[in-house]
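This chain uses plain numbering: 1 for the first residue, then up along the sequence.
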Amino acid sequence: MTDQVRIFDTTLRDGEQAARINLNKGEKLQIARQLARLGVDVIEAGFPASSQGDFESVQAIAREFKGGPIIAGLARTKKEDIARAGEAVKDADRPRIHTFIATSPIHMEYKLKMTKEEVLSEVKEAVGFARTLVDDVEFSAEDASRSEIPFLIEVFKTAVEAGATTLNIPDTVGYAQPDEFYNFVFEIIKGVNPPANVIWSVHCHNDLGLAVANSLAAVRAGVRQVECTINGLGERAGNASMEEIVMAMNTRTDQYPAKAGLDTTKLYSTSKLVASLTGVVVQPNKAVVGQNAFAHEAGIHQHGMLCNRATYEIMTPETVGAPSSDLVLGKHSGRHAFKDRVESLGYALSKDDMEVAFKEFKDLCDKKKDVSDSDIEAMILDRVLSFIPERRYELKDYAVQVSTGSKPTASVTMTSGNVDYTEAAVGNGPVDAVYNAVKKILGFIPELKGFRIGATSERSDAMAETRIIINYKDIQAQGRGTSTDIVEASLRAYIDAANRLYAAAAAKEVKLNGHDAR
């Protein structure tokens, strides 16, 4: 049995299924590049049959890496799903099709409406067909932790006979308990007893807060692939957190017979990148990558740290790439220092994008004395990596008038092509006023589903970072905007969301009002 645990990252598939997360192809590529730098063994890039956008994202990621991680596409046991997944990953150096079907009594009766014999037949046909397309096929028994062990053993044996090279035991609804799951996994592995080249995998959800504990229990039972996500993103309460699993194995080598081969110094930057692109904030006390993970405020803790860091730190911030001090860049910083900082934050920019980023950085330095890492990240996401193939609108100018006793008024000018559009409006506040003006220019009224504004630092000259979600004709889009001015940050976020809405509508061949109607 190998002492290496494969890390199967499903941030781009299961992680993106979390509520209110919608990554486009450019954003997925940026995350995939960082996952490859981190050293993950498998990237589950998406579910190609679910949408044309997902297919294109998986295909782009499959074509991105030469000699890098395995690129997997998810598929139900339906032949059309498997064919679509095979087409999406075929250009990868190391393609994988990951197919699944439910095996628990409740799923078979109420969701699949299939008998055990029908499920076994489906597994045999699906895995066999997938194997004709790629050499690397993973099979998952959905809701395995609520399945009957004798039937599971029969299902996995069928999958192996049909050509599966990885067998996955999911705790799909986060039902399992660590001791129970250890015995469950151990009994299945023993009962199936597949050839040595078949790798056992586990995929745990966090509904009871035990995804990491269950995953680690499975490693002790013999599993050598763990499916997880950055920051624990995923359906409902999320998936097992990659950073916690990896650091638990690497820190407690006395307890775990294997460890992951990741570059752990890139965990923190990867976490920050995923949080920035998804808009899902990492809680301050999050293990390993949280803002307070290596912070010590209590006097007795500080005293211990001054005497010996090991008194209160079982791992150092340097181990996971977390900053031990806040080193800021300013207007006198050069290209080399700036490029090094950008890459340390987890961004892989092209030469042209790096030049644009450096110019924007210098412009920002003229507005504020010190520029923090968070300022740089916000600026890159908003001004450099728009991730939108075609931006229908650009902000040209705006003005807001606010005074005591009267409603704020705003004038906004946006450019589309070579044409300027200007509208004025009033609102309950300056942000509401500029949003009302934008709606007039658009020619339709999206529903605002989410609005969040925060500061990139605790300084009074911090960049404002706004994230919004809008919905129109059942199409949802999120937008982000940054500026040292709160109103401008909010305005940029709305325009960004509108551009993404147009892009999503075009992909679905849905006509919006506004320019489409002119």
Flag, side chain of [X] to backbone of [Y], donor-acceptor distance under 3.5 Å:
X      : Y      : value
Glu64  : Arg33  : no
Asp81  : Thr77  : no
Asp91  : Ala62  : no
Thr482 : Glu465 : no
Ser147 : Ser104 : yes
Thr264 : Thr319 : yes
Asp41  : Ile7   : yes
Lys473 : Lys511 : yes
Arg146 : Val173 : no
Asp496 : Arg492 : no

Can you check whether [X] reaches [Y] side chain to side chain, under 4.5 Å on heavy atoms?
X      : Y      : answer
Pro48  : Glu87  : no
Pro317 : Tyr268 : no
Leu364 : Thr484 : yes
Glu138 : Glu227 : yes
Phe139 : Ile101 : yes
Thr10  : Leu74  : no
Ser490 : Tyr435 : yes
Arg96  : Val89  : no

For [X], look at atom [atom1] and say whether over 12 heavy atoms of other residues, nucleotides or ligands are found less than 6.0 Å away.
X      : atom1 : answer
Lys449 : NZ    : no
Ile453 : CD1   : yes
Ile445 : CD1   : no
Asp474 : CG    : no
Ile149 : CD1   : yes
Lys439 : NZ    : yes
Tyr256 : OH    : yes

Under a plain distance cut-off of 3.5 Å, with no hydrogens placed, do [Y] and [X] share a side-chain donor-acceptor pair?
X      : Y      : value
Gln478 : Gln476 : no
Glu56  : Gln52  : yes
Ser201 : Gln225 : yes
Glu142 : Thr172 : no
Asn239 : His205 : yes
Thr11  : Asp9   : yes

N/O donor-acceptor pairs under 3.5 Å from side chains in residues 175-183, not counting sequence neighbours:
unit_1, atom_1, unit_2, atom_2, d
Glu180, OE1, Gln177, N, 3.1
Asn183, ND2, Asp179, O, 3.3

Once you round to the nearest 0.5 Å, how far does [atom1] of [X] lie from [atom2] of [Y]?
X      : Y      : atom1 : atom2 : result
Leu38  : Ile230 : CG    : CD1   : 6.0 Å
Glu44  : Asp14  : CD    : CG    : 7.5 Å
Arg452 : Arg467 : CZ    : CZ    : 6.0 Å
Ile82  : Leu133 : CD1   : CG    : 8.0 Å
Asn214 : Asp171 : CG    : CG    : 5.5 Å
Leu277 : Glu16  : CG    : CD    : 11.5 Å

Problem set entry | Identified side chain to side chain contact (heavy atoms under 4.5 Å, CB included) counterpart of Met242 within the set Asn231, Leu267, Val288 | Leu267

For this session: Apply the test side-chain contact (heavy atoms from CB on, under 4.5 Å) to residues Phe184 and Ile169: give CA-CA distance (whole Å), side-chain angles for both, the deciding distance (0.1 Å), then the verdict.
Result: CA-CA 10 Å; Phe184 182 80; Ile169 307 171; 3.9 Å; yes

Looking at [X] and [Y], does any basic side-chain N land under 4.0 Å from a carboxylate oxygen?
X      : Y      : result
Arg37  : Asp263 : no
Arg84  : Glu80  : no
Arg500 : Glu27  : yes
Glu244 : Lys286 : yes
Lys28  : Asp54  : yes

For this session: Kindly indicate, with the supporting measurements, whether the criterion side-chain contact (heavy atoms from CB on, under 4.5 Å) is fulfilled by Asn499 and Ile495.
Result: CA-CA 6 Å; Asn499 284 324; Ile495 296 172; 3.8 Å; yes

For this session: Starting from the C-alpha separation in whole Å, work towards a yes-or-no answer on side-chain contact (heavy atoms from CB on, under 4.5 Å) for Val342 and Phe361.
Result: CA-CA 11 Å; Val342 169; Phe361 164 69; over 6 Å; no

For this session: With sequence neighbours excluded, tell me which residues meet side chain to side chain donor-acceptor pair (under 3.5 Å) with Arg94.
Result: none

Problem set entry | Parallel, tilted or perpendicular: ring planes of Phe444 versus Tyr472, cut at 30 and 60 degrees | tilted

Exercise. Parallel, tilted or perpendicular: which fits the ring planes of Phe100 and Phe47, with parallel below 30° and perpendicular above 60°?
Worked result: perpendicular

For this session: Step by step, work out the side-chain contact (heavy atoms from CB on, under 4.5 Å) result for Val185 and Trp200.
Result: CA-CA 9 Å; Val185 170; Trp200 285 98; over 6 Å; no

Problem set entry | Ala260 to Val246 - nearest heavy-atom pair and separation | CB-CG2, 4.1 Å

